[in-house]
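Every chain is numbered from 1 and lettered A, B, ... according to where its sequence line falls, protein lines coming before strand lines.
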Amino acid sequence: MASVTFDKATRLYPGSTRPAVDALDLDVADGEFLVLVGPSGCGKSTSLRMLAGLEEINDGRVLIGDRDVTDVPPKDRDIAMVFQNYALYPHMTVAENMGFALKIAGVSKDERATRVLEAARLLDLEPYLGRKPKALSGGQRQRVAMGRAIVRQPQVFLMDEPLSNLDAKLRVQTRTQIASLQRRLGVTTVYVTHDQTEALTMGDRIAVLKDGVLQQVGTPRDLYAAPVNVFVAGFIGSPAMNLFDVDVVDGGLKFGTAVAKVDRETLGATKAKKVTIGVRPEDVKVATSGAGLPVNVDVVEELGADGYLYGHSEIDGKRVDIVVRVDGRNHPSAGDKVFITPEPDHIHAFDTETGLRLTKKAIEAK
Amino acid sequence: MAGSLNITAATIDPALLDLPWGVPLELWPDDSIAALPKGISRHLVRFVHLSGYVVAIKETSAELAKREYDMLRTLQRLDIPCVDPVATITNRTDADGNPLESVLVTRHLKFSLPYRALYSQTLRPDTATRLVDAAAVLLVRLHIIGFFWGDVSLSNTLFRRDAGAFAAYLVDAETGQLYSGGLSNGQRENDLEIARVNIAGELLDLQAGGRLQDDVDPVEISNGIVAQYRTLWKELTGSEEFDQSERWRINQRVERLNDLGFDIEELAIKTDTTGTQVRIQPKVVDAGHHQRRLLRLTGLDAQENQARRLLNDLDSYIATYGDGSVDEEMAAHQWVAQAFEPVIRAIPRELQGRLEPAEIFHQLLDHRWYISQNQKRDVPLAEAVQSYVDNVLRHRRDEATLIDPPTGAFTLETEVVGDDDEDDWRKNV
Ligand SMILES: Nc1ncnc2c1ncn2[C@@H]1O[C@H](COP(=O)(O)OP(=O)(O)OP(=O)(O)O)[C@@H](O)[C@H]1O
Ligand SMILES: Nc1ncnc2c1ncn2[C@@H]1O[C@H](COP(=O)(O)OP(=O)(O)OP(=O)(O)O)[C@@H](O)[C@H]1O
Ligand SMILES: [Mg+2]
Ligand SMILES: [Mg+2]
C-alpha cells in the first residue's frame with residue numbers, strides 16, 4: 001500500500017499551446033479514495049494516465065509512496081487500471097473470470113488460486129467459484145468483475161469512469177459496492193468521473209479540475225460548505241447553486257427589494273461595488289409577498305416530500321435563472337410570481353473579477 | 001405509443017417504424033428476429049429482418065445511443081471501416097406507459113462474421129493470428145485519425161474475408177473518443193493494453209469452451225496484436241534519415257507503404273543545413289491503396305487484399321494479352337468483361353450468397369492454381385469455375401447473413417451456454 005503524490009506534474013500534448021494538466025500538486029494518502037472530478041476535457045484521464053505511466057510527464061514528478069516513478073514504465077509501478085469493460089466470459093467459471101488477468105501476467109497457478117479465493121471470500125462469491133456466469137444474478141456478475149481487479153493486489157487502483165456505461169440503477173448500486181469494497185481493502189484509489197454526485201457519494205476527498213488546473217481538493221463537506229471559487233460553487237451540488245452578480249449596499253448585498261445580510265469580514269475583503277452571490281436551492285426562502293427578489297415561476301418539479309421550483313428573475317436588465325427547493329405538496333405553481341430571500345448565514349460571496357471566495361466561514365448544509 | 005417515439009436518422013425506412021417498439025426487445029416475437037451470430041456484449045443486441053436487409057438493434061441509454069450514433073457517422077465520414085448507423089430511437093414506452101430503453105439501430109454488415117463464427121470446429125493458430133493481424137490494422141487506422149477506442153476487443157470487431165486474410169470493422173464505438181490533434185503515445189498504449197487483455201480473455205474463453213486448438217496459446221496470440229501494431233505504426237509514421245545520394249529510398253518507402261495497402265498523401269521531406277542528409281516522414285497516409293486502384297480501373301469494390309489479388313490477375317492478364325499499346329484502363333475493361341464477369345455469372349444463383357464476388361474470384365484463382373498443379377496442366381478458367389462450384393462453393397455455408405451457425409451465438413443475458421459447472425474450480429483457474 002502506498003500514497004500517491006503529484007508534484008507540479010505537467011502534461012503538454014504535442015501541438016497544443018496549453019497544458020492538458022498544469023502543474024498539478026496533489027497528495028493522496030495511503031488507503032484513501034480520491035475522486036478526480038471536472039467537466040469534459042479538464043484533464044482527468046490525462047492525470048490518470050500520468051500516474052499509470054502511460055502519459056509522458058513534461059515537467060514535475062509523480063511519486064508512489066516515497067518512490068519517484070516519473071520515469072518508471074507502467075508495468076513496474078504496481079498499479080492496476082480498471083477498464084470499463086464488465087463483460088464476463090461465458091465459458092469460463094467465476095474463478096477463471098476472476099483470475100484470467102493473473103494468467104496473462106504470468107502468475108503461478110497456486111498463487112492464482114490463493115488470490116482468487118481471497119477475493120471471492122471478500123465478495124461473498126466463494127460458493128460460486130465453480131459456476132459459469134450465466135448462473136449468476138446481475139449483482140453477482142458485477143462483483144465478479146470487481147474481483148478481477150482485486151486479485152491483482154496492486155498498491156494503487158486507477159479507475160476511469162468505470163460506471164459510465166451502466167444504466168442508472170446498476171450505476172447507483174455498483175457505486176456503493178465499489179466504495180465499501182475499497183474501504184474494506186484499504187487500497188489507495190484514484191477514481192475519475194465527470195459526475196459530481198458520484199464524486200460526493202464515493203470519495204474520501206475530491207479534487208476538482210478545470211482546464212487542467214486543480215481548483216480545490218477536500219472532503220465532500222469542504223467542497224460543499226466552502227467552495228474556493230465560483231467554478232467549484234457551481235459545479236458541486238445538484239441542482240447547482242444560484243449564482244449571480246449583485247450590488248454591494250450598506251450592511252450586505254442587494255437582493256431585489258431586500259438586503260441580504262453579510263458579515264463585515266466578507267464585505268471587507270473587497271472594495272468592488274459588485275460581488276457574485278451564491279445561494280444553494282435549499283437555502284432560499286419563498287414568500288408570495290413582501291421584500292426579496294421577484295421570481296416568475298416556470299415549472300415546479302415534485303419529487304415526493306421535496307420539490308424544485310425553477311423560475312427566472314431580472315437583475316440589471318439581465319435574465320437570471322433561479323432554482324429553489326420547496327415543499328413537495330405545498331408550493332407555488334407555474335406562472336406565479338414569488339419573492340425569494342436567502343437564509344441568513346447561508347450566503348456565499350465571490351469576487352466578481354477573480355471568482356475567488358470572499359466569505360471566510362464554511363456554510364454547512366442544513 | 002408510436003406517436004411519442006423520438007427517432008433520429010438520416011433517412012428512414014418506413015418498415016423500421018412498424019417494428020414493435022412498445023415491447024422490450026427481449027420479448028420481440030421470434031419470427032421477426034434473425035438468428036445471427038454475435039460477440040459477447042453487455043447490452044442486449046438482436047437482429048431483425050427488414051425489407052431486403054437486416055439490422056442490429058441494441059438496447060441502451062438514450063445518451064449512449066445518440067453518442068454512438070454520432071460517433072459511427074463521424075467514423076464513416078473519415079473512411080473507417082465500421083458498421084453503418086441507421087437510427088436512434090428514444091422515448092419508448094410500453095402499453096402501460098412505462099419507459100423502455102432507447103435503442104441504436106445499425107445495419108447488419110453483410111458478409112461480416114463475429115470471431116466466434118469464423119471457424120466451424122476449433123480455432124486454428126493461423127486463423128487466430130490472422131484475426132489479430134486484421135484487428136491491428138484497424139487499430140492503427142483508428143489511431144491515425146486520432147480515435148481512442150477504449151474497448152478494443154474481438155467482440156467489438158467484425159471480420160470479413162479478404163483473400164485468405166481478414167478485414168476488420170469496428171462495431172462498438174460506445175467508449176470511443178476522437179482527438180482532432182491525434183493521439184498521444186500514452187493514449188495509444190492505453191488502447192493496446194486494453195486490446196491485449198481483452199483478446200487474451202476472449203481466446204481463453206474459447207479455450208475454456210473447448211473451441212481452441214491445443215497448440216494455440218491465447219496469451220501469445222494476444223501479445224501478437226501489440227507486435228503487429230508496432231511494426232505497422234512504425235512503417236506508417238516513423239521518420240528515416242539517409243544520405244542525399246540515397247534518395248531512391250523515398251520511392252522505396254512509398255512502395256513499402258503501398259505494399260502494406262497504404263498511400264502516402266503527404267510526405268515531409270527535410271534536408272539538413274549542409275544539404276547532405278535527408279529526413280523523411282509520412283504525414284498523411286490513407287488505407288486502401290489497392291482498393292482504390294481496383295475501383296479506378298474496374299469499378300469493382302473489394303477489400304484490400306482481394307483487390308491486391310484481383311489486380312495481380314489483371315496485371316498478368318495485361319502481360320499475356322496486351323500488345324503493349326492498349327492503355328491500362330482499356331485493358332482493365334477487357335479483363336472485367338472477359339475474366340471477372342464470366343466467372344461471377346457462372347456461379348449458380350442459389351450459391352451467390354455464399355461469399356462476396358471478389359472473394360469468390362480470389363478463391364477461384366486459388367482453386368485453379370491448385371488443380372493445375374495437381375493435373376500438371378493449365379486448367380482453363382471456364383473449367384476451373386465448374387470444378388470450384390462443385391467441389392468448393394457448394395459445400396460452404398452461406399455468409400451473406402450467416403444463419404443458424406453451428407457455433408451458436410449468445411448474449412450473456414439471454415442465452416444459455418451449455419456445459420456444466422466445474423466441481424473443482426481450482427483445476428482451471
Ligand atoms: N492526444 C492529444 N493531443 C492534444 N490534446 C489532447 C490529446 N488528448 C487529450 N487532449 C486534450 O487535453 C485535454 C484533457 O483531456 P482529458 O482526456 O484528460 O480530459 P478528461 O477530463 O478526461 O475529459 P473527458 O471527461 O471528456 O474524458 C482536453 O482539452 C483534450 O482535448
Ligand atoms: N451492425 C452489426 N452487424 C453485425 N453484427 C453486429 C452489429 N451490431 C452489433 N453486432 C453484434 O452484436 C454484438 C454486440 O454489439 P455491441 O458490441 O455494440 O454491444 P455492447 O453491449 O455495446 O458491447 P460491450 O459489452 O462490448 O460494450 C457485437 O459483438 C456484434 O457481434
Ligand atoms: Mg461490444
Ligand atoms: Mg459497448
Side-chain angles (χ1 to χ4, degrees), chain A residues 11 13-16 20 40 45-46 48-50 52-56 74-75 81 83-106 109-110 112-113 115-117 120 128-135 138 141 148 160-161 164-168, chain B residues 39-43 60-61 63-64 101 148 150-153 155-156 174-175 177 179 181-190 193-194 196-198 200-202 204-211 218-219 222-223 410-413 415-429:
Chain A
R11 174 61 173 143
Y13 285 111
S16 304
S40 179
S45 300
T46 305
L48 212 60
R49 282 197 303 274
M50 289 161 80
L54 290 168
E55 202 65 71
E56 191 185 328
K75 63 174 176 29
M81 231 177 166
F83 302 153
Q84 286 198 345
N85 199 334
Y86 275 97
L88 298 184
Y89 299 113
H91 296 105
M92 301 206 251
T93 60
V94 167
E96 287 174 282
N97 264 292
M98 282 167 65
F100 88 94
L102 297 179
K103 208 177 220 173
I104 301 174
K109 191 167 177 164
D110 282 350
R112 292 204 295 266
R115 293 212 212 163
V116 165
L117 186 60
Y128 308 100
L129 281 172
R131 302 225 186 136
K132 299 280 159 65
K134 65 158 200 275
R141 286 183 196 170
R148 266 185 196 170
D160 194 347
E161 307 248 10
S164 64
N165 45 19
L166 298 183
D167 64 51
Chain B
I40 304 173
S41 69
R42 282 160 296 182
H43 299 110
T60 177
S61 73
E63 204 182 319
L64 291 180
E101 281 214 285
F148 173 75
D151 198 4
V152 194
S153 71
S155 284
N156 286 341
E174 187 185 311
T175 48
Q177 231 162 343
Y179 295 95
L183 297 183
S184 70
N185 290 338
Q187 284 160 325
R188 295 191 301 107
E189 289 298 322
N190 201 171
E193 181 59 13
I194 292 169
R196 203 174 67 87
V197 173
N198 279 342
E202 289 167 323
L204 283 166
D205 183 54
L206 290 181
Q207 195 174 54
R211 307 294 311 281
V219 177
S222 69
N223 287 337
F410 54 83
T411 297
L412 220 47
E413 285 79 2
E415 265 176 76
V416 171
V417 182
D419 337 313
D420 295 327
D421 299 334
E422 234 22 276
D423 300 331
D424 180 7
W425 59 268
R426 276 165 224 272
K427 269 197 312 218
N428 293 316
V429 69

Which answer fits A/A101, side chain, backbone, both or neither, if we ask what part of it has an atom under 4.5 Å from a heavy atom of chain B? neither
At a heavy-atom separation under 4.5 Å, does B/E202 approach chain A through its side chain, its backbone, both, or neither? both
Select one option (side chain, backbone, both, neither) describing which atoms of A/L102 are under 4.5 Å from chain B's heavy atoms. neither
Counting heavy-atom pairs closer than 4.5 Å to chain A, which one of B/N185, B/N223, B/V429 comes out on top? B/V429
Hey, would you say the B/Y179 and A/Y13 ring centroids sit under 6.0 Å apart? no
Return the CD1 to CD distance between B/I194 and B/E189, rounded to the nearest 0.5 Å. 11.5 Å
If you tally heavy-atom pairs under 4.5 Å between each of A/R49, A/R11, A/R112 and chain B, the highest tally belongs to A/R49
Any luck finding a side-chain donor-acceptor pair between B/S184 and A/E56 under 3.5 Å? no
What's the separation between atom CG in B/L204 and atom CD in A/E96, rounded to the nearest 0.5 Å? 8.0 Å
Any side-chain heavy-atom pair of A/M81 and A/L54 under 4.5 Å: yes
